[in-house]
Amino acid sequence: GNSVTQMEGPVTLSEEAFLTINCTYTATGYPSLFWYVQYPGEGLQLLLKATKADDKGSNKGFEATYRKETTSFHLEKGSVQVSDSAVYFCALTTTGNQFYFGTGTSLTVIP
Amino acid sequence: DAGVTQSPTHLIKTRGQQVTLRCSPKSGHDTVSWYQQALGQGPQFIFQYYEEEERQRGNFPDRFSGHQFPNYSSELNVNALLLGDSALYLCASSLLTKTGELFFGEGSRLTVL
């Protein structure tokens with residue numbers, strides 16, 4: 001079946017620190033992979049995506065590379081800001097209809 | 001441009017009751033999906049509607065039903081509520097022809113006592 005396993009949080013970092021949030025997946029077929037972010041008081045929103053192996057998704061300084069050999073899609077950012085404090089969800093879909101989400105990783109960035 | 005709007009934002013019901021949640025999709029979107037997010041968990045797919053038909057359904061019992069109207073808005077109905085139905089219910093809209101990007105509302109928080 002399809003599933004996403006995400007690094008457990010919460011994660012607390014100082015401003016300008018390097019961020020990695022691990023995500024691995026299991027899928028039947030060829031999934032597209034996503035990172036969604038939920039800022040306090042807001043709905044989930046798409047952060048970045050990759051649709052095939054070796055693709056790199058990027059947005060707002062965040063990056064993730066679709067690694068088929070390790071079934072991973074780790075989220076990275078070189079220098080986090082206080083405004084990056086949010087909950088991050090890794091997700092996949094093989095049909096474009098049903099999305100499978102990880103449990104979410106809460107990130108707090110302190111000044 | 002209004003995004004996805006959901007109502008009500010919070011509600012409290014007792015076991016055995018029925019609830020209806022409503023969703024208006026982002027302007028221009030034709031597809032609505034519903035997700036259940038229990039506390040500390042990721043969203044779980046309930047079902048998806050397109051052209052007023054249920055296109056796909058996740059692993060949820062028949063107590064969960066839905067509807068999509070000609071203006072693309074949608075309702076989620078849950079009958080015979082159980083304590084375990086307490087969760088945040090998320091509506092997501094998208095374009096059928098542009099898979100992969102869901103636009104979420106802020107959700108309806110249901111508490112079952």
Side-chain angles (χ1 to χ4, degrees), chain A residues 1-10 21-52 55 57 59 64 66 73 75 86-106, chain B residues 1-7 9-10 21 23-26 29-51 53-60 66 68 87-109:
Chain A
N2 297 326
S3 67
V4 174
T5 301
Q6 214 177 308
M7 167 180 171
E8 291 192 14
I21 300 178
N22 291 336
C23 172
T24 58
Y25 67 89
T26 302
T28 55
Y30 302 95
S32 295
L33 303 174
F34 305 81
W35 279 99
Y36 277 80
V37 58
Q38 186 172 32
Y39 298 103
E42 300 183 16
L44 277 81
Q45 55 188 271
L46 179 65
L47 179 60
L48 54 83
K49 68 178 181 181
T51 58
K52 61 183 187 296
D55 270 1
N59 187 24
Y66 187 143
F73 193 55
L75 182 68
V87 181
Y88 293 82
F89 293 90
C90 185
L92 71 82
T93 184
T94 57
T95 64
N97 303 323
Q98 179 168 357
F99 279 64
Y100 297 83
F101 287 84
T103 54
T105 301
S106 176
Chain B
D1 178 23
V4 178
T5 58
Q6 292 186 243
S7 64
T9 54
H10 295 83
L21 308 178
C23 172
S24 292
K26 180 178 169 63
H29 283 183
D30 55 11
T31 303
V32 173
S33 303
W34 286 92
Y35 287 79
Q36 180 195 65
Q37 187 177 12
L39 199 61
Q41 301 298 314
Q44 299 288 316
F45 177 76
I46 303 175
F47 41 54
Q48 183 187 74
Y49 276 83
Y50 171 72
E51 289 191 339
E53 298 282 337
E54 184 182 290
R55 292 191 75 236
Q56 188 163 350
R57 187 179 184 92
N59 189 26
F60 279 80
Q68 185 180 34
L88 181 67
Y89 288 86
L90 299 170
C91 172
S93 73
S94 57
L95 270 174
L96 190 72
T97 55
K98 189 176 180 181
T99 58
E101 184 164 359
L102 301 178
F103 288 77
F104 284 87
E106 293 184 33
S108 294
R109 172 75 62 187

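Order of the sequence lines fixes the chain letters, A, B, ..., with proteins taken first and strands second; residue numbering starts at 1 for each chain.
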- Message: I'd like to verify something: which residue of B:Q37, B:Q41, B:Q48 has the highest number of heavy-atom pairs under 4.5 Å with chain A?
- Response: B:Q48
- So, does B:W34 use its side chain to make a donor-acceptor pair with the main chain of B:Y49 at under 3.5 Å? no
- Message: Let me confirm one number: the OG1-CG distance from B:T31 to B:L102, rounded to the nearest 0.5 Å.
- Response: 10.0 Å
- B:K26 charged N/C atom sitting above B:F103 aromatic ring, 6.0 Å / 45°: yes
- Item | Which portion of A:Y36 sits near chain B, non-hydrogen atoms under 4.5 angstrom | side chain
- Query: Of the backbone (N, CA, C, O) and the side chain (C-beta and beyond), which part of B:Y50 lies under 4.5 Å from a heavy atom of chain A, both, or neither?
  - Reply: neither
- Message: Taking A:P31's backbone N and O only, do any of them form a donor-acceptor pair with A:Y66's side chain (distance below 3.5 Å, no angle check)?
- Response: yes
- Query: Looking at A:A91, A:C90, A:G43, which has the largest count of heavy-atom pairs under 4.5 Å with chain B?
  - Reply: A:G43
- Is it true that the side chains of A:Q6 and A:T105 contain a donor and an acceptor less than 3.5 Å apart? yes
- Which bit of A:Q98 comes within less than 4.5 Å of chain B, counting heavy atoms only: side chain, backbone, both or neither? both
